[in-house]
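Some notes on the structure that comes next.
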Amino acid sequence: MDAWRLAEVVTLRSEAFGGIAFHRERGVTLEVDAEAYRFLCACLAPRPLPPPDHPAARLVPQLARLGFVEPVKNGRKQARVSLDPLWSGDGFTLSTPETVHLAITARCNLSCPGCYVPRFGAEPELTTAELCGLIDQWAQMRVFQLAVGGGEPLLREDLFDVLAYAREQGIVPNLTTNGTLLTSDVVRRLERAGVARVNLSWNGILSASKDAPGRGHQRRDQAVTQALRMLLDSTLQVGVNLLITPKLLPCLPHVVARLQAQGVRQATILRPKPPAIPSDEGRAWYEANKLRRADLLRLRDVLNAWQGVLHLEVDSALVGLMGDADLALLRWRGIYGCTAGRRICTVWPDGRVSPCSFLADLSAGNVRQLPFAELWRRGENWEVLRDPAGRPQGGCADCDIASQCGGARCVARHEHSDGSTEPSDQGGEGLLAGDVECPYHLEKVRCVF
């Protein structure tokens with residue numbers, strides 16, 4: 001081997017701080033400074049191996065181990081790709097979302113009381129043609145991943161076509177489902193569509209719902225368990241989403257042990273959040289199921305006990321549990337806490353774009369009226385989220401990891417609202433409030449996950 005080049009499965013994108021490299025097969029993202037980004041761009045064409053005293057001599061083996069560069073025999077030619085700068089911002093908000101969350105339908109075959117999907121009006125869902133047009137825009141902008149959910153996405157007849165089209169355009173599609181509609185044929189079609197990962201939501205099953213568990217609950221539990229077996233027997237990456245309520249928390253060690261025994265390798269722990277659009281019913285559910293400080297401390301202990309046995313991730317609203325972690329380590333691991341409107345956004349079934357799934361009222365506009373790139377660039381109603389100087393207040397203000405956590409914005413806004421079903425801060429002022437339940441403000445905790 002006398003040369004190396006950038007692997008074909010790597011997507012490059014420039015940013016204000018340098019650039020990002022995304023490995024489409026492994027789902028790994030590298031954020032690099034300007035010098036390293038120029039080096040990666042140079043690798044679009046075969047490059048001679050550097051001499052031992054060259055700074056890149058140590059970088060190339062590391063990139064090769066991660067699969068970002070590959071050796072080339074005989075200096076084979078490769079077309080050079082032009083990568084013009086896309087963004088001249090401050091680096092706090094990316095030029096393009098890393099991941100777009102697509103709520104492809106609001107329809108669902110279950111009625112879980114804690115569902116975050118708002119009630120939609122009469123506007124029709126985006127058509128197949130509209131979705132593929134959006135994917136074309138995202139591919140041009142170099143969006144890395146598409147997280148498809150709902151409602152229940154398997155109720156969309158064109159789901160597999162949309163997923164396959166995203167993969168064809170170089171965007172990695174992932175799917176979140178309640179699992180009750182999964183069959184062996186559905187799993188095979190997901191594989192053929194190029195889906196990378198399927199996240200199975202057990203929260204609607206294991207945490208029960210409004211009624212006491214009965215035969216219907218048991219049937220759903222059995223259906224999800226069967227779906228999990230089918231997924232684990234496939235080539236798909238499999239994750240399990242667990243919404244931890246106070247009722248489920250005492251059972252969590254048993255649940256995690258059950259998942260581990262079935263062969264699950266990765267689970268994501270979710271924190272209950274207020275409804276995306278305030279409602280009396282949603283507020284009542286949240287108040288009855290939110291995690292308080294004592295719950296979060298107990299959750300931290302469970303996570304510490306099981307980390308390493310099962311790979312456990314937490315959602316952005318639980319990053320505060322890492323309060324004593326080294327800040328540089330959090331940055332190296334790419335942990336940013338709440339990145340709504342800065343690194344991610346949500347597109348709803350009717351085409352509205354919001355900063356995340358839990359801030360649906362902060363719409364930047366609709367993709368049926370304006371190109372997605374313009375909506376992302378303007379970020380109307382997202383100013384507070386995107387302000388680099390807009391640090392959370394309260395107990396979060398002097399937190400050691402505030403820059404990598406930022407608190408749970410949707411939770412903070414709810415806790416500091418006036419209790420009405422209409423948010424009192426359409427401009428987002430309450431988004432800067434502190435997370436009043438975060439236990440790190442009470443004690444220095446040790447968290448290993």
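For this chain, numbers begin at 1 and follow the sequence in order.
Using a 4.0 Å cut-off between charged side-chain N and carboxylate O, Glu31 and Arg331 make no salt bridge. For Lys290 and Asp295, the salt-bridge test fails: no basic side-chain N is under 4.0 Å from an acidic carboxylate O. A salt bridge links Arg271 with Asp435: at least one charged nitrogen is closer than 4.0 Å to a carboxylate oxygen. Under a 4.0 Å N-O distance rule, the pair Asp161/Arg156 does not qualify as a salt bridge. Remark: Glu130 engages Arg368 in a salt bridge, criterion side-chain N to carboxylate O under 4.0 Å. By the 4.0 Å N-to-carboxylate-O rule, Glu281 lies too far from Arg283 to be salt-bridged with it. Note on Arg352 versus Glu123: no salt bridge recorded, every NZ/NE/NH1/NH2 to OD/OE distance being 4.0 Å or above.
In this structure, a donor-acceptor pair under 3.5 Å is absent between the side chains of Thr346 and Ser354. Using a 3.5 Å distance cut-off with no hydrogens or angles, the side chains of Thr29 and Glu98 do not pair a donor with an acceptor. Counted by atom type alone, Arg258 and Thr225 present one or more donor-acceptor pairs between their side chains at under 3.5 Å. Side chain to side chain, Asn178 and Thr180 meet the donor-acceptor criterion of an N or O pair below 3.5 Å.
Side chain of Glu383 to main chain of Asn381: a donor-acceptor pair is present (N/O by atom type, distance under 3.5 Å, no hydrogens or angles). In this structure a side-chain-to-backbone donor-acceptor pair under 3.5 Å is present from Asn289 to Trp285. Under the 3.5 Å distance criterion, the side-chain polar atoms of Glu152 are left unmatched by any main-chain donor or acceptor of Asn109.
Cation-pi geometry between Arg386 and Trp376 is met: the NZ or CZ atom falls under 6.0 Å from the ring centre, inside 45° of the normal.
Between Phe144 and Phe22, the ring planes lie parallel to each other; the angle is under 30°, not in the 30° to 60° tilted range.
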Check: Can Gln266 and Glu313 be said to form a side-chain hydrogen bond (donor to acceptor under 3.5 Å, both in side chains), step by step?
Finding: CA-CA 8 Å; Gln266 185 165 326; Glu313 296 178 344; 3.0 Å; yes
Item checked: Step-by-step side-chain hydrogen bond (donor to acceptor under 3.5 Å, both in side chains) determination, Arg377 to Thr93 -> CA-CA 10 Å; Arg377 178 182 57 79; Thr93 298; over 6 Å; no
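Put simply, the residue from Leu131, Leu175, Thr99, Val100 that forms a side-chain contact (heavy atoms from CB on, under 4.5 Å) with Leu146 is Val100. For the side-chain contact (heavy atoms from CB on, under 4.5 Å) with Val9, the lone residue among Glu70, His23, Arg26 that qualifies is His23.
Heavy atoms from other residues, nucleotides or ligands lying under 6.0 Å from CZ of Arg265 number 12 at most.
Counting heavy atoms from C-beta outward, Arg13 and Ser95 have side chains that approach closer than 4.5 Å. A 4.5 Å side-chain heavy-atom check between Gln145 and Pro173 finds every atom pair outside the cut-off.
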